[in-house]
Amino acid sequence: MSVFALVDCNNFYASCEKLFRPDLAHAPVVVLSNNDGCVVARSREVKALGIKMGVPVFQLKDEIVKHGIVCFSSNYALYADMSSRVMNILEEEAPRLEVYSIDEAFMDLTGVDHVTDLLTFGKQVKAKVDKWTGITVGVGIAPTKTLAKLANHAAKKYPATGSVVDLMDPNRQRRLLALVEVGDVWGVGRRISEKLRSRGINTALDLANANPKAIRSEFSVVLERTVQELNGVSCLDLGCVRPTKQQIICSRSFGHRITEKQELREAIAKYTTRAAEKLRGEKRLCRVVNVFIRTSPHAKDEPHYANSLSVELPNPTDDTRDLLEVTEVLFRRIWRAGFRYMKAGVMLADFYEHGTYQQDLFRADGMKANSKVLMSVVDQINHSGLGNVFFASQGVSPQWSMKREHLSPAYTTRWEDLPVVK
DNA sequence: TCTGGGGTCCTAGGACCC
DNA sequence: TCTGGGGTCCTAGGACCC
């Protein structure tokens, strides 16, 4: 029988910020989304205050003052670095690991129970991550990924578990399932849980007891798999090797509304450049390029406009210059004056490996001269931390860039920001 | 005034083919 | 009255995840 463990970092972003601010060890801390828009992470103290995930920060003004909540802008360089430290430890502990998101991973523990008791093993992993990184994790162990998620959920919810739950025993599984609302099951979102409830399926146990075939015809093959997994039948295997991306999206909401064509144009150029970097990081070429722009869907009293346009290139490319030419044309075609734009983005899709695509018959080789060399030099300089090389169309000091008023230092990734112990 | 960003998978339906 | 059958490919959109 397979054995999966789900290891998940507690309040990850908030915990990362606290690590370097011992003075805030017991303070309520939130981390905000881009543009300091809404709450994306909450420390234990903030959760206890009943503040919900995703709340716009302007609605919390009073509570921030009242409870002395400390706000941080998101510092992805810090979180990504801490994440890789945690994942490296987990990788040493298990033969196979799937890094599922920045703060959680599935481990394959099949066979481990011949050597150690699973609960003991889970506690060892937790202790090691805690000692080496200062990040606390919860561990859920079960015969399927969906049950491992649920075990992890229980590990967090019930302090008596010591944050590690072994859910291999079927009787224990049933007892827990009866206590969990159906909407808390992995793969059951708001829409589906509403529909399930209208059919009298309220708990995870109700869902586990449903007829899989009926679920498939009324809902989907995805939910049918969930039913199987809740019954201990593993349908979802570990995705150890990161699948190559199918698409790359770069989009941001702006620090303030944009009305000038030139400003929006610069933003598009900037996103194009970032998307092209990601594409080269994947070692892929892309053939389809899409640009979109939109006004705020929340604004009640002003005209709305949203549009997007795609194009298929004659030859796949990863050259920033090619992509900039294309997104510029697409942008000009969807731009309309007289709106207050909130967001824009660039999407790349239809990827190819180098040398495996059909060349356009009428353009012997679309490649620009020295493309490969120039792009790799640009990427190297920009990754070195020494400075930035960029394309003129991005503008020199953009007004539209993100609002990040509460950004913490790059403690772990920039020499000048290294914390000093006095 | 102020509401994130980046992904995946699946399905239905239309276009098109013989 | 009555208007084929079976397939492929593509796209848009819905639902989910963190």
Side-chain angles (χ1 to χ4, degrees), chain A residues 6-13 30-42 52-62 64 71-76 79-80 83 98-106 145-146 149 152-153 182-196 215-226 235-236 239 242-257 271 274-275 278-279 281-282 287-288 290 292 294-302 308 310 312 340 342-351 402-405:
Chain A
L6 177 66
V7 181
D8 174 304
C9 303
N10 297 346
N11 318 322
F12 185 57
Y13 296 172
V30 294
V31 177
L32 307 176
S33 62
N34 289 326
N35 289 310
D36 298 341
C38 41
V39 172
V40 293
R42 304 158 295 160
K52 297 266 179 284
M53 181 77 167
V55 184
V57 72
F58 70 88
Q59 288 176 5
L60 291 177
K61 263 207 187 109
D62 296 343
I64 288 172
C71 300
F72 287 94
S73 304
S74 20
N75 183 346
Y76 287 103
Y79 313 147
S83 172
E98 174 187 0
V99 178
Y100 180 69
S101 75
I102 193 162
D103 70 339
E104 61 189 287
F106 287 101
K145 286 171 115 179
T146 307
K149 270 272 190 186
N152 183 279
H153 180 80
V182 74
D184 287 336
V185 173
W186 189 40
V188 179
R190 196 172 48 84
R191 275 312 196 353
I192 289 177
S193 68
E194 272 171 27
K195 197 168 158 189
L196 284 169
I215 291 290
R216 181 180 194 143
S217 64
E218 269 200 87
F219 293 84
S220 68
V221 57
V222 182
L223 196 62
E224 183 197 14
R225 286 203 277 259
T226 302
C235 305
L236 306 169
R242 192 172 58 90
T244 50
K245 281 192 174 49
Q246 302 298 306
Q247 57 175 338
I248 288 172
I249 303 176
C250 280
S251 74
R252 288 284 182 288
S253 299
F254 307 121
H256 67 91
R257 299 287 181 260
Y271 303 154
R274 285 244 42 229
K278 287 192 198 175
L279 182 65
E282 292 283 312
R287 194 195 281 268
V288 168
N290 174 282
F292 68 87
R294 76 159 69 106
T295 57
S296 169
H298 303 288
K300 298 274 178 290
D301 307 320
E302 56 179 83
S308 75
S310 297
E312 185 166 330
R340 298 174 66 237
M342 180 204 70
K343 185 175 182 175
V346 171
M347 272 187 250
L348 308 180
D350 195 12
F351 296 158
M402 269 201 286
K403 206 164 93 185
R404 292 169 99 187
E405 288 171 357

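A note on names: the letters A, B, ... follow the listed sequences, proteins ahead of strands, and every chain is numbered from 1. For the numbers below, each heavy atom of this structure counts, side chains included, while hydrogens, waters and symmetry mates do not.
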**Student:** I'd like a list of close polar pairs between nucleotides 9-14 of chain B and the protein, N/O only, cut-off under 3.5 Å.
**Tutor:**
from   : atom 1 : to       : atom 2 : distance (Å)
B:dC10 : OP1    : A:Arg225 : NH2    : 2.7

**Student:** Excluding sequence neighbours, so at least two apart, what forms side chain to side chain donor-acceptor pair (under 3.5 Å) with A:Arg340?
**Tutor:** A:Glu302
**Student:** Would a distance-only check, ignoring hydrogens and angles, find a side-chain to backbone donor-acceptor pair under 3.5 Å from A:Lys149 to A:Asp184?
**Tutor:** no
**Student:** Do A:Ile64 and A:Cys71 have side chains that get closer than 4.5 Å, going by heavy atoms?
**Tutor:** yes
**Student:** Which parts of residues 182-189 of chain A get close to DNA chain C, meaning a heavy atom less than 4.0 angstrom away?
**Tutor:** A:Val185, A:Trp186, A:Gly187, A:Val188, A:Gly189
**Student:** Go through it in stages, so that I can follow the logic: the residues are A:Trp186 and A:Lys145, the test is side-chain contact (heavy atoms from CB on, under 4.5 Å), and I'd like the CA-CA distance, side-chain angles, deciding distance and then a yes or no.
**Tutor:** CA-CA 9 Å; A:Trp186 189 40; A:Lys145 286 171 115 179; 3.8 Å; yes
**Student:** Calculate the interatomic distance between A:Tyr76 atom OH and B:dG4 atom P; express it in whole Å.
**Tutor:** 12 Å
**Student:** When the distance from CG of A:Asn35 to C1' of B:dG5 is rounded to whole Å, what number comes out?
**Tutor:**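 It is 11 Å, rounded to the nearest whole Å.
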**Student:** Which nucleotide, B:dT1, B:dG7, C:dC17, lies nearest any side-chain atom of A:Tyr100?
**Tutor:** C:dC17
**Student:** Of all heavy-atom pairs between A:Ser73 and A:Glu405, which one has the smallest distance, and what is that distance?
**Tutor:** OG-N, 3.3 Å
**Student:** Partners of A:Asp8 by salt bridge (charged side-chain N to carboxylate O under 4.0 Å, His left out), sequence neighbours excluded?
**Tutor:** A:Lys156
**Student:** Using a cut-off of 4.0 Å on non-hydrogen atoms, how would the nucleic acid contact of A:Asp103 be classed: base, sugar-phosphate, or nothing?
**Tutor:** sugar-phosphate
**Student:** In whole Å, I'd like the distance from the NE2 atom of A:His153 to the C1' atom of C:dC18.
**Tutor:**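 It works out to 16 Å between those atoms.
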**Student:** To the side chain of A:Arg340, which of C:dC18, B:dC2, B:dT3 is closest?
**Tutor:** B:dC2
**Student:** Within the structure, does a side-chain N or O atom of A:Ser253 lie under 4.0 Å from either OP1 or OP2 of B:dG5?
**Tutor:**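 Answer yes for this pair, as a side-chain N or O of A:Ser253 is under 4.0 Å from OP1 or OP2.
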**Student:** In chain order, what residues pass the salt bridge (charged side-chain N to carboxylate O under 4.0 Å, His left out) check against A:Arg216, with sequence neighbours excluded?
**Tutor:** A:Glu224
**Student:** Distance check needed: B:dG5 P versus A:Gln247 CD, whole Å only.
**Tutor:** 16 Å
**Student:** Under 4.0 Å: is that the gap between some side-chain N or O of A:Lys278 and OP1 or OP2 of B:dG5?
**Tutor:**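 For B:dG5, neither OP1 nor OP2 has a side-chain N or O of A:Lys278 closer than 4.0 Å.
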**Student:** By nearest atom, which of the nucleotides B:dT1, B:dG4, B:dG7 is closest to the A:Lys245 side chain?
**Tutor:** B:dG7
**Student:** Does anything in residues 342-351 of chain A come within less than 4.0 Å of DNA chain C? Heavy atoms only, and list the residues if so.
**Tutor:** none
**Student:** Categorize A:Lys149 for me: base, sugar-phosphate, or nothing, with a 4.0 angstrom heavy-atom threshold over every strand shown.
**Tutor:**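 Here A:Lys149 touches the backbone only, sparing every base.
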**Student:** Between C:dC18 and B:dT3, how far apart are the two P atoms, rounded to whole Å?
**Tutor:** 25 Å
**Student:** Between C:dC16 atom P and A:Arg190 atom CZ, what is the distance in whole Å?
**Tutor:**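 Rounded to whole Å, this separation is 8 Å.
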**Student:** If the condition is side-chain contact (heavy atoms from CB on, under 4.5 Å), which residues does A:Glu194 pass it with, not counting sequence neighbours?
**Tutor:** A:Arg190
**Student:** Hey, which sits more toward the 5' end of DNA chain B by its nearest nucleotide, A:Cys250 or A:Arg257?
**Tutor:**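 The 5'-side residue here is A:Arg257.
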**Student:** Using modelled atom types and a 3.5 Å cut-off, is there a donor and acceptor pairing between side-chain atoms of A:Thr146 and backbone atoms of A:Thr226?
**Tutor:** no
**Student:** Identify, with sequence neighbours excluded, every residue that meets side-chain contact (heavy atoms from CB on, under 4.5 Å) alongside A:Ser74.
**Tutor:** A:Val31, A:Asn34, A:Tyr76, A:Tyr79
**Student:** In chain order, what residues pass the side chain to side chain donor-acceptor pair (under 3.5 Å) check against A:Asn35, with sequence neighbours excluded?
**Tutor:**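 Applying side chain to side chain donor-acceptor pair (under 3.5 Å) to A:Asn35 gives none.
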**Student:** Could you tell me the separation between the NZ atom of A:Lys403 and the P atom of B:dG5, rounded to a whole number of Å?
**Tutor:** 13 Å
**Student:** Yes or no on side-chain contact (heavy atoms from CB on, under 4.5 Å) for A:Arg257 and A:Met342, after CA distance, side-chain angles and deciding distance?
**Tutor:** CA-CA 5 Å; A:Arg257 299 287 181 260; A:Met342 180 204 70; 3.2 Å; yes
**Student:** From CZ of A:Phe254 over to P of B:dT3, roughly how many Å is that when rounded to an integer?
**Tutor:**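 Those two atoms, CZ and P, are 13 Å apart.
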**Student:** Name the nucleic acid region contacted by A:Ile192, choosing base, sugar-phosphate or nothing; use a 4.0 angstrom heavy-atom cut-off, strictly under.
**Tutor:**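 Sugar-phosphate only.
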**Student:** Considering only side-chain heavy atoms of A:His298, which listed nucleotide, B:dC2, B:dT3, B:dT8, is closest?
**Tutor:** B:dT3
**Student:** Is atom NZ of A:Lys52 surrounded by more than 12 heavy atoms (other residues, nucleotides or ligands) closer than 6.0 Å?
**Tutor:** no
**Student:** Of all residues at least two apart in sequence or in a different chain, which pass the side-chain contact (heavy atoms from CB on, under 4.5 Å) check with A:Val39?
**Tutor:** A:Val30, A:Leu32, A:Arg42, A:Leu60
**Student:** Expressed as a whole number of angstroms, how long is the span from A:Leu236:CG to B:dT8:P?
**Tutor:**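 Going from CG in A:Leu236 over to P in B:dT8 covers 17 Å.
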**Student:** Can you list the residues that meet the side chain to side chain donor-acceptor pair (under 3.5 Å) rule with A:Asn152, with sequence neighbours excluded?
**Tutor:** none
**Student:** Given that A:Ser296 and A:Arg252 both sit by DNA chain B, which one's nearest nucleotide is further toward the 5' end?
**Tutor:**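 On the 5' side of the pair lies A:Ser296.
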**Student:** May I ask you to say what A:Leu32 touches in the nucleic acid, namely base, sugar-phosphate or nothing, with a heavy-atom cut-off under 4.0 Å?
**Tutor:**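 A:Leu32: no heavy atom of the nucleic acid under 4.0 Å.
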**Student:** Starting at the 5' end of DNA chain B, write a dot or bracket for each base, bracketing those in Watson-Crick or G-U wobble pairs whose two distances are under 3.5 Å and using | for partners on another strand.
**Tutor:** ....||||||||||||||
